[in-house]
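Data first, discussion second: the structure below is written as structure tokens.
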Amino acid sequence: MNPYAHIRDLPAHAGETVELRGWLCGRRTSGKLIFALVRDGTGVCQCVVEAKTPDAFAVAERAPLESSVILRGVPRADERAPGGIEMHVADFTVIQGREGYPIARKEHGVDFLMNHRHLWLRSLRQTAILRVRHTLVAAARRFFDERGFTLVDTPIFQPGAAEGAGSLFPVEYFGERVYLAQTGQLYLEAAAMALGRVYCFGPTFRAEKSKTRRHLTEFWMVEPEIAFAELPDLMDLAEAFVCQLVEAALRERRDDLQRLGRDLAALERVAPPFPRITYTEAAELLRSDATHQRLVVELEADRARLTDSMRRLAELEARRHSETKAWRQDKLDDEIAALREELRELETDLANRPAHIESARRFQWGDDLGGDEETILTRQFDRPVIVTRYPRQCKAFYMKPAPDDPRVVLNLDVLAPEGYGEIIGGSQREDDLDALCARMKEEGMDPEPYEWYLDLRRYGSVPHGGFGLGIERTVAWICGLRHIRETIPFPRLIGRATP
RNA sequence: UCCGGCGUAGCGCAGUGGUAGCGCAGGUGACUGUUAAUCACUUGGUCGUAGGUUCGAAUCCUACCGCCGGAGCCA
């Protein structure tokens with residue numbers, strides 16, 4: 001018999017005596033009553049300890065926050081309890097705990113929280129994100145497993161660069177120099193020629209010195225690769241894949257998404273068909289007068305919003321100044337802080353916008369789509385958009401040029417809505433040996449380390465392709481997070497590799 | 001690498017040249033239904049570091065360090 005109950009299952013045990021194991025995450029006292037909040041990973045339960053059980057009362061009164069505890073008692077439905085059910089405690093035992101738990105219920109700064117990431121993970125918000133991440137990872141694997149894909153693990157130590165060499169982490173490997181993987185793709189192509197439909201799912205590393213809310217130096221990518229697949233097949237697969245991820249999150253993690261304040265209606269709109277445009281169409285859209293007009297109007301509207309917010313801030317500050325009651329001052333301080341934060345963001349955004357608008361209007365065919373262009377594009381649609389056929393000079397050597405227009409390659413990017421940017425990048429691969437060699441020569445690449453890769457075009461080459469989806473950007477989008485650092489348990493960012 | 005912002009108690013912040021402050025957390029006490037409980041009292045400071053200006057610097061200047069955001073680059 002298992003004598004312990006999980007908080008999630010308490011309603012089924014109402015009226016019975018059960019034992020809970022968990023951590024004390026909050027406490028309110030009221031004379032001869034203690035309300036202890038206990039979490040166990042499945043939920044949070046309010047536990048009531050009364051003075052008429054003096055032993056339990058004495059322990060509950062002194063137990064430091066975040067002590068590990070074992071409680072025996074009777075769960076009872078009670079509408080006064082958060083969650084509708086509470087434990088009436090008979091025994092309260094502390095396994096271990098001490099004073100000084102660093103994270104309080106009030107807000108903390110980013111740096112402090114990042115330094116305490118190992119403890120920050122315990123918070124309701126972080127556990128909600130971790131569960132969504134888990135659901136997306138599981139759904140991604142299920143998606144490919146159900147479609148006959150075989151999981152093939154690709155190496156982390158790799159001899160050379162698949163893409164830009166400036167972004168690799170070098171590692172000393174018994175006197176040789178190797179690099180941490182930034183994609184498993186080349187190896188996956190080899191596996192696709194063996195198994196037909198394959199995917200890999202692992203960490204990837206980029207040494208770019210990007211210090212933004214969208215970048216990690218270590219992130220997880222799921223990459224399918226399919227023999228005999230051509231660009232339209234890849235678009236269909238990517239569309240179905242993204243839809244299944246969103247559906248899984250909505251079905252299995254609705255509560256967590258709500259706790260995170262996610263606008264669920266925006267996610268419900270994610271359904272096929274996704275708009276599909278070519279790079280050339282995207283470039284025309286960016287340069288068009290209509291787009292320019294719209295952006296200018298939006299900018300003016302947001303400027304008005306800024307002035308408005310500044311007026312409101314001044315008003316609040318004046319009220320704060322003349323306010324005499326401490327608790328009202330406190331309330332006003334909170335409002336002022338929130339407004340200041342909002343203003344700071346809006347100001348940065350507005351400061352960048354004229355440059356964005358200008359760069360959109362002056363966008364030249366052949367330029368790569370940067371973050372700003374992506375944002376402007378995705379604002380025109382209410383669901384992810386698929387952009388295909390980029391100029392070949394923007395893209396990697398292994399992408400296959402379009403037979404009907406050799407200036408462009410048969411690639412696809414999927415851009416998430418609401419400003420979250422690229423979540424999928426992929427392409428049909430060059431399957432012709434001579435064309436591939438010519439392209440590598442053009443790029444000034446040494447073919448020697450790639451001989452094994454070229455073998456794939458020598459012995460039974462077929463049209464094939466695949467794509468990669470960045471898990472963290474997907475988690476950020478689906479959870480509606482401002483910053484990618486919360487999407488992974490222990491983020492690795494430029495300038496931070498601890499804890 | 002460049003641009004901007006920030007650095008004041010354990011945490012979050014106010015303080016624009018004249019005695020170092022507020023809230024939370026911690027401590028003591030009151031309270032039998034709290035929801036970030038409330039109330040009273042209370043502990044806690046090398047104002048990032050170094051130099052400079054000044055009768056006097058948290059406040060002004062210079063350099064450096066750290067953090068945040070953005071650009072470039074990228075998923």
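Numbers restart at 1 for each chain; the letters A, B, ... are given by sequence-line order, proteins then strands.
- Pairing for U54(B) is absent, judged as Watson-Crick or G-U wobble with the two contacts each under 3.5 Å.
- The pair Arg429(A)-Glu225(A) meets the salt-bridge criterion, since a charged nitrogen lies less than 4.0 angstrom from a carboxylate oxygen.
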Side chains of residues 44-65 of chain A: which donor-acceptor pairs under 3.5 Å do they make with residues two or more places apart or in other chains?
from, atom 1, to, atom 2, distance (Å)
Gln46(A), OE1, Arg28(A), NH2, 3.0
Gln46(A), NE2, Glu86(A), OE1, 3.1
Thr53(A), OG1, Glu50(A), O, 2.9

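- Between U32(B), C74(B), C68(B), one nucleotide has an atom nearer to the side chain of His215(A) than all others, and that is C74(B).
- With a cut-off of 3.5 Å on both Watson-Crick or G-U wobble distances, the partner of C39(B) is given as G29(B).
- The shortest distance between side-chain heavy atoms of Trp220(A) and Ile488(A) falls below 4.5 Å.
- Across all strands shown, A20(B) forms no Watson-Crick or G-U wobble pair with both distances under 3.5 Å.
- G17(B) and G12(B) have their C1' atoms separated by 27 Å, with the value rounded to a whole Å.
- Considering only side-chain N and O atoms, Arg485(A) lies under 4.0 angstrom from the phosphate OP1 or OP2 of G69(B).
- Applying the side chain to side chain contact (heavy atoms under 4.5 Å, CB included) test to Ala191(A) and every residue at least two apart in sequence or in another chain returns Val152(A), Val198(A).
- Rounded to a whole Å, the CG atom of Asp413(A) is 12 Å from the P atom of C74(B).
- The distance between atom CG of Leu369(A) and atom P of C73(B), rounded to the nearest whole Å, is 12 Å.
- Asp413(A) is linked by a side-chain hydrogen bond (donor to acceptor under 3.5 Å, both in side chains) to Tyr390(A), counting only residues two or more places apart in sequence or in another chain.
- Partners of Ile494(A) according to the side chain to side chain contact (heavy atoms under 4.5 Å, CB included) rule, which considers only residues two or more places apart in sequence or in another chain, are Lys209(A), Lys211(A).
- Taking atom P in both C74(B) and C11(B), the straight-line distance is 39 Å, to the nearest Å.
- Between U34(B), A71(B), C11(B), one nucleotide has an atom nearer to the side chain of Arg28(A) than all others, and that is U34(B).
- The partner of A14(B) is absent, by the rule that a Watson-Crick or G-U pair needs both atom distances under 3.5 Å.
- Residue side chain Ser167(A) does not reach the base of C74(B) through any donor-acceptor N/O pair under 3.5 Å, judged by distance alone.
- For the pair Ile494(A) CD1 and G70(B) C1', the computed distance is 14 Å after rounding to whole Å.
- A close approach under 4.0 Å does not occur between any side-chain nitrogen or oxygen of His108(A) and OP1 or OP2 of C24(B).
- Remark: Arg287(A) engages no residue in a side-chain hydrogen bond (donor to acceptor under 3.5 Å, both in side chains) (not counting sequence neighbours).
- In this structure, Arg213(A) reaches the G70(B) phosphate: one of its side-chain N or O atoms is under 4.0 Å from OP1 or OP2.
- A donor and an acceptor atom never sit less than 3.5 Å apart when one is taken from the side chain of Glu79(A) and the other from the base of G33(B).
- Rounded to an integer number of Å, the gap from Met87(A) CE to U34(B) C1' is 18 Å.
- Atom-to-atom, CG of Leu493(A) to C1' of C68(B) comes out at 12 Å; the value is rounded to the nearest Å.
- Pairing partner, G4(B): C68(B), with both Watson-Crick or wobble hydrogen-bond distances short of 3.5 Å.
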Pairs under 3.5 Å (N/O, protein and nucleotides 28-31 of chain B):
from, atom 1, to, atom 2, distance (Å)
C31(B), N3, Gly31(A), N, 3.0

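- If you check the side chains of Thr378(A) and Glu418(A), you find no donor sitting under 3.5 Å from an acceptor.
- At least one side-chain nitrogen or oxygen of Lys211(A) sits closer than 4.0 Å to the OP1 or OP2 atom of C68(B).
- Within 4.0 Å of Phe112(A), counting heavy atoms only, lie sugar-phosphate atoms of the nucleic acid but no base atom.
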